[in-house]
Amino acid sequence: MSFLKPNFTPLTLRRLENFRANRRGYWSLIIFTALFVTTLFAELIANDKPIMMSDGETLYFPLVTSYPETAFGGYFETEADYRDPFVQQLIEDQGGWMLWPLIRFSHNTIDYNLPGSAPYPPSSEHLLGTDPVGKDVAAQLIYGVRLSFLFGLLLTAASSVIGISIGAIQGFFGGMVDLAGQRLVEIWAGLPMLFILIILASIVESNVFWLFGILVAFSWMSLVGVVRAEFLRARNFTYVNAARALGAGNVRIMTRHVLPNAMVATLTFLPFILTGSITLLTSLDFLGFGLPSDSPSLGRLLAEGRTSLHAPWLGLTSFITLATMLTLLIFTGEAVRDAFDPSRQGLS
């Protein structure tokens with residue numbers, strides 16, 4: 001990767017070296033990225049439809065297109081149930097074949113052919129057992145981790161944009177703008193988010209969009225204080241006054257001159273904010289005020305483990321997964337903090 005070095009400043013290269021020097025955080029980021037990328041292909045890992053199949057003459061891709069049972073010689077016009085032995089026998093009789101994912105269950109697939117009652121313990125068919133309804137825990141885990149990652153990333157990005165913008169406006173203009181902004185932030189921070197979610201849950205039907213909007217509305221305050229302090233410190237620096245004297249507008253000064261310096265402190269908080277976002281979503285799902293009931297959820301798995309103490313694999317699986325995810329993110333955040341630490345760059 002030496003051909004990239006001329007594009008980086010010496011300071012950036014030093015930060016990258018400091019990040020790699022923290023071996024725990026460096027490998028945590030690699031493992032976290034590998035897990036995240038793997039879950040993006042959840043449909044290819046756990047699904048109740050074949051990835052690809054043939055009836056002896058034609059190739060079919062059930063993951064992309066829905067095919068009726070009549071397309072394979074069946075009786076129903078509805079989408080074929082590929083796990084049905086009757087459908088499988090129809091395809092085999094025609095000399096066909098099916099390429100199945102590693103796990104032949106999706107997150108919402110109920111196994112009606114369990115050898116015993118649900119929740120069923122881990123077996124060769126269900127690697128991590130089933131939940132009380134009969135859904136495969138491993139499939140729910142893969143889809144739930146992906147949903148938690150994506151929801152947490154989007155929540156972190158949206159709340160960071162709002163928090164950085166408000167903190168920048170307060171710190172740059174100061175005076176009454178800063179005073180009024182601080183009072184509004186204090187009032188907004190005092191509102192009980194959980195009670196508001198409970199009230200809204202009894203009024204409107206739960207869905208991803210309104211839950212995301214509510215969480216963004218209460219999560220943007222985490223970066224306001226950091227960005228505000230950086231802008232208050234830098235707004236009267238020499239380079240800012242020089243830019244103002246040359247006719248640069250406030251927006252240009254804020255975005256081109258002050259914001260890059262404020263982002264140094266902000267970036268060190270982002271992994272911890274992401275950790276908090278994932279924990280918040282899991283907690284709300286655990287309490288029953290999170291995502292819709294048909295969504296894969298780590299918090300719902302934890303709740304099922306609490307109510308099904310005779311099925312310890314439910315609680316242990318979700319606990320170990322959450323503990324691993326959050327530990328990797330915290331170690332990564334520590335490495336990012338070390339990378340931007342001035343004392344480690346010869347700048348102190």
Side-chain angles (χ1 to χ4, degrees), residues 31-54 59-67 78-85 87-88 91 96-116 118-153 208 278 281-282 285-286 290-305 308 311-325 328:
I31 296 173
F32 177 84
T33 304
L35 291 175
F36 177 60
V37 173
T38 301
T39 58
L40 293 179
F41 302 95
E43 285 79 8
L44 300 177
I45 301 173
N47 213 309
D48 55 3
K49 300 177 183 179
I51 300 174
M52 183 172 59
M53 58 174 290
S54 172
L59 279 177
Y60 299 93
F61 299 91
L63 290 183
V64 181
T65 306
S66 297
Y67 301 103
T78 55
E79 184 178 4
D81 181 4
Y82 301 98
R83 299 187 69 255
D84 188 347
V87 175
Q88 295 180 7
I91 297 173
W97 50 267
M98 293 182 179
L99 177 61
W100 283 93
L102 179 63
I103 301 174
R104 297 190 180 188
F105 301 92
S106 185
H107 67 88
N108 56 358
T109 305
I110 299 177
D111 188 358
Y112 295 101
N113 300 315
L114 288 173
Y120 193 74
S123 62
S124 58
E125 185 75 9
H126 299 279
L127 301 179
L128 297 177
T130 71
D131 66 3
V133 183
K135 299 178 182 178
D136 187 80
V137 173
Q140 292 188 68
L141 194 66
I142 295 172
Y143 283 88
V145 168
R146 180 178 67 176
L147 182 60
S148 298
F149 282 169
L150 292 177
F151 193 93
L153 287 172
V208 176
I278 295 175
L281 175 64
T282 304
D285 286 336
F286 179 82
L291 297 171
S293 58
D294 58 345
S295 302
S297 168
L298 297 178
R300 197 166 292 113
L301 272 178
L302 276 175
E304 291 174 349
S308 303
W313 58 88
L314 292 173
L316 288 176
T317 299
S318 50
F319 171 76
I320 293 174
T321 301
L322 276 173
T324 302
M325 288 170 49
L328 292 175

Taking side chain to side chain contact (heavy atoms under 4.5 Å, CB included) as the definition, give me every residue that meets it alongside [X], ordered by chain and number, with sequence neighbours left out.
X    : answer
E304 : D131, P132, R300, L301, L314
S295 : L147, L291, P292
P50  : M53, P62, Y82, M98, W100
L35  : I31, L328

Distance from [X] atom [atom1] to [Y] atom [atom2], nearest 0.5 Å?
X    : Y    : atom1 : atom2 : answer
F61  : L99  : CZ    : CG    : 10.0 Å
L141 : L298 : CG    : CG    : 6.0 Å
L128 : T321 : CG    : OG1   : 8.0 Å

Legend entry - Partners meeting side-chain hydrogen bond (donor to acceptor under 3.5 Å, both in side chains) with S297 (sequence neighbours left out): D285
Inset, instruction - Applying side-chain hydrogen bond (donor to acceptor under 3.5 Å, both in side chains), name anything that partners Y60, two or more places apart in sequence or on another chain. - result: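 Y60: side-chain hydrogen bond (donor to acceptor under 3.5 Å, both in side chains) contacts with D55.
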Side-chain heavy atoms of [X] within contact of [Y], under 4.5 Å:
X    : Y    : result
S54  : L59  : yes
W97  : M52  : yes
N113 : E125 : no
L322 : T282 : yes
L127 : V137 : no
N47  : Y143 : yes

Legend entry - Partners meeting ring-ring contact (aromatic ring centres under 6.0 Å, His included) with F286 (sequence neighbours left out): none
Legend entry - Residue list, ring-ring contact (aromatic ring centres under 6.0 Å, His included) with F41, at least two apart or on another chain: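 F41 satisfies ring-ring contact (aromatic ring centres under 6.0 Å, His included) with no residue once adjacent residues are dropped.
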Legend entry - Sequence neighbours excluded, every pair satisfying side chain to side chain donor-acceptor pair (under 3.5 Å) that has a member inside residues 36-45: E43-R146
Exercise answer: donor-acceptor pairs, residues 102-110 side-chain atoms, under 3.5 Å, sequence neighbours excluded:
from : atom 1 : to   : atom 2 : distance (Å)
T109 : OG1    : D48  : OD2    : 2.9
T109 : OG1    : S106 : N      : 3.0

Inset, instruction - Quick one: do F36 and L150 satisfy side-chain contact (heavy atoms from CB on, under 4.5 Å)? Show the steps, please. - result: CA-CA 9 Å; F36 177 60; L150 292 177; 3.6 Å; yes
Inset, instruction - Specify the closest pair of heavy atoms between P101 and K49, including all atoms of both residues, with the distance to one decimal. - result: CD-O, 3.5 Å
Inset, instruction - Could you tell me which non-hydrogen atom of A46 sits nearest to which non-hydrogen atom of I142, and how far apart they are? - result: CB-CD1, 4.4 Å
